[in-house]
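In what follows, a single structure is set out as structure tokens and then discussed.
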Amino acid sequence: MTVPAPPVRTRIAPSPTGDPHVGTAYTALFNLALARQHAGQFVLRVEDTDRERYRPESEQRVFEYLHWLGLTWDEGPDVGGPFGPYRQSERLPLYRAQGEQLVRVGQAYWCWCSRERLERIRQEQQARGEPPKYDRYCLGKTRVERAREPDFTEPPVLRLKVPDSGETSFTDLIRGEISFQNALLDDQVLLKSDGFPTYHLAVVVDDHEMRISHVMRGEEWIPSTPKHVLLYQAFGWELPAFAHLPILRNVDRSKISKRRNPWAVLPWFREQGYLPEALLNFLALMGFSIPDPSQSGETREVFGFDEVVQHFAFDRFSTTSPVFDLAKLDWLNGVYIRGLPLNELLARVTPYLEAAGYPVRGREGYLLRCLALEQERLKRLGEAPQALEFFLRDDLRYPRELLIPKGWTVEQAEEALALTRALIEPVEQLEAEPLEAAARALAAERGWKTGSYFGLLRVACTGRTAAPPLFATLAVLGRDRVLTRLCQAQELLAQPTPEAR
Ligand code: GLU
């Protein structure tokens with residue numbers, strides 16, 4: 001008889017301490033993919049036991065931004081589930097009971113040492129060049145015995161009794177065997193004096209109680225894992241599988257930090273106008289790759305969540321930290337932007353345009369034509385107001401000298417503008433191709449270099465030296481706008497230069 005494999009149950013366990021970290025989305029993505037691949041469940045558990053860093057609004061922000069990315073969970077504080085509650089602050093009696101159980105079986109002990117004493121021994125150890133560790137002063141003492149001695153405080157904390165010698169090992173599904181010397185591990189605090197569990201106790205109790213089969217998290221948690229393994233052993237519980245994902249790093253190899261890097265938090269990506277599907281693809285590329293069926297040995301960079309599910313395998317991860325290269329994200333975002341149908345692109349840039357003061361309703365048709373020209377160049381939705389500015393504003397501002405091509409006189413430039421107006425005035429509806437042909441003919445007739453002449457027209461009609469293809473742009477702007485702008489350019493040229501005044 002074959003024993004059925006236990007169901008795959010994965011989880012993320014964010015702490016609501018501020019804006020959702022980009023690393024939360026990164027770990028959520030892979031945990032969800034593994035669960036989906038095995039038709040298992042993905043759990044969201046809120047680890048809110050650090051009361052000093054707790055921010056009440058943060059939990060909703062985590063939900064909101066994971067949803068924005070298209071990530072969903074099968075069990076969690078908002079959707080419920082059979083192993084709730086899914087907020088650690090609602091599970092306090094459970095941790096206490098489990099902690100007391102460890103005391104009964106001799107695997108944990110109460111500690112009444114005052115802060116001052118702990119600080120004193122820490123300094124003494126430091127002076128002797130020893131790693132900081134609790135000296136087990138309270139081990140084996142009853143409350144009454146300990147109370148007779150100095151540096152006694154209440155309520156006590158609960159500490160894990162870590163074995164003095166030997167090693168604690170576990171197999172990491174990405175990194176292989178990892179071992180720690182027990183002698184170097186501190187007698188970890190499990191219950192704090194405020195009655196709350198520490199992360200270590202709560203995470204082990206909950207992963208066990210919630211039947212988590214795979215604990216997949218960032219590599220920064222590797223040093224905590226031996227403590228967790230010791231706790232599982234102390235409880236006599238079966239270990240889950242562990243996998244530590246490579247941590248995200250900046251291009252300069254520094255850790256992505258909320259203090260230094262605005263891109264450490266998810267709201268930043270939405271503000272900048274990254275598409276959630278592009279960000280998710282980018283996060284999936286961090287340390288993970290999927291094969292390209294058309295080229296053996298090659299990997300593919302543009303793929304969706306379904307393909308992560310399909311190809312998820314622990315041996316597809318690298319252990320070296322991926323570089324969180326925003327230039328690459330810009331490139332990828334551009335790929336996704338170019339893949340959007342135009343009306344979808346308009347819907348996506350609408351909030352950015354409106355926030356910049358450009359109303360969208362009532363001029364969707366014009367905006368669609370403008371966007372068709374910019375879609376190719378747009379890297380972030382947030383660039384749209386700036387990219388479309390010259391389509392949407394009539395008061396273009398640019399330096400007068402841009403209107404005078406190199407080697408031209410002011411009079412020549414004025415003449416070119418006047419002749420272009422004459423060319424356009426009789427045309428009702430500007431169209432790129434005939435317009436270009438007429439402009440080229442004019443340039444040939446007058447002996448102007450097209451590069452110089454077209455450059456002048458571009459500045460006059462867009463205020464810029466670089467813009468989408470010129471005649472297509474003029475066609476979208478339309479006859480009236482183009483004529484107005486050519487007039488304005490002539491007026492600007494007619495103004496005396498500052499030196500001439
Ligand atoms: N609460 C931890 C965090 O904020 C969870 C770590 C884990 O996944 O065990 O990331």
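Atoms within each ligand, like the ligands themselves, are counted from 1 in listed order. We number each residue from 1, following the sequence as shown.
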Flag this pair as yes if the NZ/CZ of Arg363 is under 6.0 angstrom from the six-membered ring centre of Tyr366 and inside a 45 degree cone about the axis; otherwise no. no
Taking all atoms of both residues into account, what is the closest heavy-atom pair of Thr168 and Leu230, and its distance? OG1-CD2, 3.4 Å
What pairs meet the side chain to side chain donor-acceptor pair (under 3.5 Å) rule with one or both residues in residues 339-358, with sequence neighbours excluded? Glu277-Arg348, Glu344-Arg348
Under the side chain to side chain donor-acceptor pair (under 3.5 Å) rule, what pairs show up with a residue in residues 33-43, not counting sequence neighbours? Arg9-Gln41, Arg36-Asp74
With sequence neighbours excluded, give me every ring-ring contact (aromatic ring centres under 6.0 Å, His included) pair touching residues 269-293. Phe30-Phe288, Trp268-Tyr274, Phe269-Tyr274, Phe282-Phe324, Phe288-Phe317
N/O contact list for ligand 1, threshold under 3.5 Å:
| unit_1 | atom_1 | unit_2 | atom_2 | d |
| --- | --- | --- | --- | --- |
| ligand 1 | 1 (N) | Ala13 | O | 2.8 |
| ligand 1 | 1 (N) | Ser15 | OG | 3.1 |
| ligand 1 | 1 (N) | Glu47 | OE1 | 2.6 |
| ligand 1 | 4 (O) | Ser15 | OG | 3.2 |
| ligand 1 | 8 (O) | Arg11 | NH1 | 2.5 |
| ligand 1 | 9 (O) | Arg11 | NH2 | 3.0 |
| ligand 1 | 9 (O) | Tyr199 | OH | 2.6 |
| ligand 1 | 9 (O) | Arg217 | NH1 | 2.8 |

Closer than 4.0 angstrom, basic N to acidic O: yes or no for Arg117 and Glu149? no
